[in-house]
Amino acid sequence: MSATLSRQRKRIADPAFRWFVTLAGASVFVILAGMVIRTTNDAWPIFQYQGFFSFLTGDQWLAGSSRTDSDFTGTYGAWPFIYGTLVTALIAIVIALPLALCVAFYINQLAPKRLRNPLSYSVEMLAAVPSIIFGMWGFFWLLPNVLRPFLEWLESTFGWINLAGWKPFEGPVFGSSYLAAGIVLAIMILPIITAIVREVIAVNPVDQQHAAYALGATRFEVMRKVVLPSSFSGIVAASMLGLGRAVGETVAVMMLIGSTKSWDGSLLSAGDSMAAHIAARFGEATPETTKALMAIGVVLFLFTMIINIGARLLVWRIGRVSGDAAV
Amino acid sequence: MSVFDVQGLGVAYGSFTAVKDISLEIPRNKVTALIGPSGCGKSTVLRCLNRMNDLMDATVSGKIIYNGEDIYGPEVDAAEVRRRIGMVFQRPNPFPKSIYENVAFGPRLNGFKGDLDQLVEESLRSVALWDEVKDKLDDPGTALSGGQQQRLCIARAIAVQPDVLLMDEPCSALDPIATLKIEDLIRQLESSYSIVIVTHNMQQAARVSEMTAFFSVDIDDEHGMRTGALVEYDTTEKIFNNPGNTRTEDYISGRFG
Amino acid sequence: MRNWRAKTAALVAVSALALTACGGSDDNGDNGGDGTKNEGGSSLSGTVTGAGASFPATVFQDWIAAYQGDKSGVTVNYQSVGSGTGVEQFIGQSIDFGSSEEYLSDEALAEAEAARGCPAVQFPVVFGSVAIAFNDASLDGLVLSPEVIAGIYSRDITNYNDPAIAELNPDFDLPDQDILPVHRSDSSGTTFVFSHYLNTEVPAWADAFGEGKEIEWAGDTIGGEGNEGVSQQISQNPGGLGYVNQSYALELGLPTAQVINADGNAIAPTLEATTAASEEADIPDTFQFTINGVGGDGYPIAGTNFILAYTCGYDDATADIIKDFWSWTLTEDADALALELGYAPLGADLKERVQAQIDLINSQA
Amino acid sequence: MSTTDTTDTTAKTTETGHRSLLVKQGNAGARAVKNRFATGVLTAAMAIAVVPLLLIIWEVTRRGIGAIHWDFFTTDEPSYRQEGGYRAGFVGTAYVMGGAILMSVPLGLATAIYVVEYGRETRAGRRLSDLIRFFTDVMTGIPSIFVGLFVYGFLVSSTGGLGQGFNAFAGSVAIAIIMLPIVARSSEEMLKLVPDEWRNASYALGASKSRTVLTTVLPAAAPGLATGSMLAVARGAGETAPLIMTILGSQYLVSSYFEGAQGAVPLQIYRGARQQFEAGIERAWGGALSLFLLVLILVVLARWLGSKANKLK
């Protein structure tokens, strides 16, 4: 009697558990779809009013004050913010990725054994430090003490550079700038990327490294030709996570980018990013502006999608070539 | 004429002394087997012969004279040592690359300038793998069977044309048939290479080697220390038929406790 | 060290004076009413939540702390999330009261009424001003006219030795220094007060930039996030010039400009000047007003803050706290705190009118 | 290349007539130089990376240490210029994080269980797993401010939303959405590490799939799962932007979870750093320091659990 009962319970429990975890898995879609539908729905009147393409490419942003879904009075060209997001995130990843790779390899391959654990603990801890702390430190300490002199030096030394009309280091120097925000973002995402890359190369089979050493490979060659290729997908994933954080970072960028609604080729000039603009304007937004900010949010979301899809394709393509087992 | 002259070798990992006071001469172009119970330090000694122990933060004392030079000499580059003294590991460890690239890996590193295709073919032929894989050189090396993988690893090691081959229990992960094939291969390679093999399989040592070194563990109950030591080193025939030491005899005859 | 301590001390003295000045006319009317309310207040308990403008946040915070000090069980939670959010959340019913530098338009009032089912009330509670601050301490007291300020922010005037500035400051040894105008990068009531001032005083500004909580700034100006961000930008950039909340400039002891008002007087951003400005304002019955054309001794870049509440829909406990708290902010204790922090309290007449509005809260329940 | 010398063999042979180990063959010299150069670069990179991070720790500690004393944790902050502490923020953060953990950890764990244990069974399941994995990656990259906007529109706002108003629950939902993909992805990696032999052993004893997962796989992976969740908690606890739109903030202790605006440490830091009074600014740095220490504790705890996991293996 009790045996059949428990068997019965088992027969119910097993499918029930299966349904539960399947639903949980599907919840990701529900939440994501909910977010997309809800925000797109809110942003829709703005896209209709402005035109999606001109929303992306227009470089004038004037918030309007309509209280309804019609009679909009603003002009919504989000290009300056899109540009600012791209430039700062790019600066961040260009600085942080090579450094992160070096640091991860240093910790994993070069550091004295007894230092490895403390070092990787520290990296992990720093990866979890709230971005507001990076923002405060960047703005109150790094900007006046280090970045300003550095940017001034850049301007006076490389200000003349002119690449077919593009002057990356043209003055004047205000301190707050794309470059300042990018550098602080780089410092912020460095431990994030390092932590993951370190973990990825730590699980790289020691057997294979030893095989390469036994063939007379130098330490550098082992890293370059054995560890690096088979960690490729992990490194891409780490970079994408870092890039995602850089693209979506709000508080730190808001404090350092200088927030102007114009855009400029010079890395030393002030600009604005999508996430920072949303956060800075949300507090005083009229209903019309709120919809326009939602529209920026939707574009930001599309960005994350594109980055992730791009990463997937990259991992898949190069993974095939390099024989990366993790693909 | 010996290829290695090991003099008073001791290895410690941190405060743990793995082996101490090992001295033996390893003959050229012969197969030398290192046998003994687990923990006796035979693999540790093997890994010293091409400085693989450097990777494990081992402290090495004593000398290992290779062709008249101490491989732990201050000017000596470990990578150079390993280029001359190849190694095959316990578990087959091909790179996650194609069969061809696995074999070509070492020569490419060394800036090999000759006909790489030919070198790959020769290497694979000398481990009797060529006929099995010649039509699928682009397949991943990891797709081969365990025995094939191990032969691929041997091919990879000899493709850099080393002087010595070290083998760390090369058959322990293989089935009996694959094991026999590897043993055949070892005997064939003997004419061109000096081979040092670590094995826990005494029959294997008896089958493939001319010289055998028997290691055992010295247990210091007072300090709870277990240190590997060389008990006896002689021709394989003598070790197996007429050992000079009772510990060797106990081990060979299976009475070891 | 900063010299704000000294300034605060001076300020307290000033506020004491101001109190005795306006206290006389205040005694008879309101205090009696407040007395009865406070007796009822001893039985108050609960939490009310308000949100909105950051412009008066400093004084609101101290008011709440002082008000709650002798009333256990009562919590007034005010968050300075920005007046836009304050208004929207007020209309959206997610908070009990809102606050904004800009009065609610008839359209917004209608929307609020439709959402709640009864009219909303709005009333001013405090005045404040916006100071022009410099990087260079030697410029403290520099005289600027609205035209010059507009010229600086539209980048027509780019150097401190510009003839237009020199003309206003014959006694100043003006440095040859490029001006870097700093503005708020977040949308804010401070920007509204500042741009509203230029918009009403300088036609060229009105044509090019207009007014608002955020406007399209000229190129080569730079933004700072919050008052803190602006003051950091000012202090980090030689030649930096920016506008900040007066209470902020006072606390940090920033060097500030004197601004020429409608009567042609150069006025420093002091408390008396702000109080004077508030008395200049002509306030309609609807309380839909801005402070324009300040003359006399009044500092011209001044603004106010409106509290938004409903005439129905609160439970009794909540309504009692809202009414009791805002009535309390009209008392002398509250005035003293406001003055200490660099805000000007309402005059006696205005207080009576505001009390009438407060009494309307939840009256249609 | 300059060190390459194969002609001058007489001087470079050993007594036994062999080529000396000191003679670099072919490209060996260049390779050794490259190796040394790379070692230098890596070490320099490490130094460059460590400096700013040390500076951050130093600055946060220097400016924040003065604010941290007993009162900091037991009193509220009535006004920035007066004495006070971050009690409201700590309690609020505990409320918000408690709810967020209860929502995100079971859901994320179940998602990972689906992907690893059930999704591999069928073709359709594999495709669904791939999609789930892809979209969790997308979710990881979603800016937190976007999550805040969504939860505000969905739960808080009464114009078009559910009109719940600001409360700790809305904050929990937002933080849970941010934590969910982190928990799901890290749990997935941990579950994958459990060897199939263990699962098979459990099946061999007649256990059902759900029983195998619950009694064999999960306990085996538990320390690793805890590590992933801790790191997600560390990430969630520091979020600022979405909280502005969901819990609003409060300087005073709020005891209700579903009623009324709630405070949080990051919000108090954010507002405290933006105003003019020294005391409030110092407390903001103190808040930053305590957040930093909280993260430190979580990471050390996670690592400790992780090392226990390694010992099990």
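So you know, we letter chains A, B, ... as the sequences are listed, proteins then strands, and number each from 1. When reading the values below, keep in mind they use all heavy atoms of this one structure, side chains included, and skip hydrogens, waters and symmetry mates.
Taking chain A as the reference chain and counting heavy-atom pairs below 4.5 Å, the highest number among C/V87, C/T221, C/D220 is found for C/D220. The candidate from C/E214, C/E225, C/H183, C/Q232 with the greatest count of non-hydrogen atom pairs under 4.5 Å with chain A is C/E214. Heavy-atom pairs under 4.5 Å with chain A peak, among C/S100, C/A53, C/G224, C/S188, at C/S188. The residue among C/S185, C/G212, C/G223, C/G229 with the most heavy atom pairs within less than 4.5 Å of chain A is C/S185.
The ring of C/F192 has its center no closer than 6.0 angstrom to the ring center of C/F55. Less than 6.0 angstrom separates the ring centroid of C/F289 from the ring centroid of C/F306.
Between C/K213 and C/E102 there is a salt bridge, since a side-chain N of the basic residue sits under 4.0 Å from a carboxylate O of the acidic one.
The part of C/L180 that comes within reach of chain A is its side chain, from C-beta onward, which places non-hydrogen atoms under 4.5 angstrom from that chain. Of the two parts of C/A51, neither the backbone nor the side chain holds a non-hydrogen atom closer than 4.5 Å to a non-hydrogen atom of chain A. When heavy atoms are compared at a cutoff of 4.5 Å, A/R281 approaches chain C by way of both its backbone and its side chain.
With sequence neighbours excluded, no residue forms a side-chain hydrogen bond (donor to acceptor under 3.5 Å, both in side chains) with C/Q61. For C/D178, the side-chain contact (heavy atoms from CB on, under 4.5 Å) test picks out C/N159, with sequence neighbours left out.
C/Q93 and C/R116 form a side-chain donor-acceptor contact under 3.5 Å, judged by distance and modelled atom types alone.
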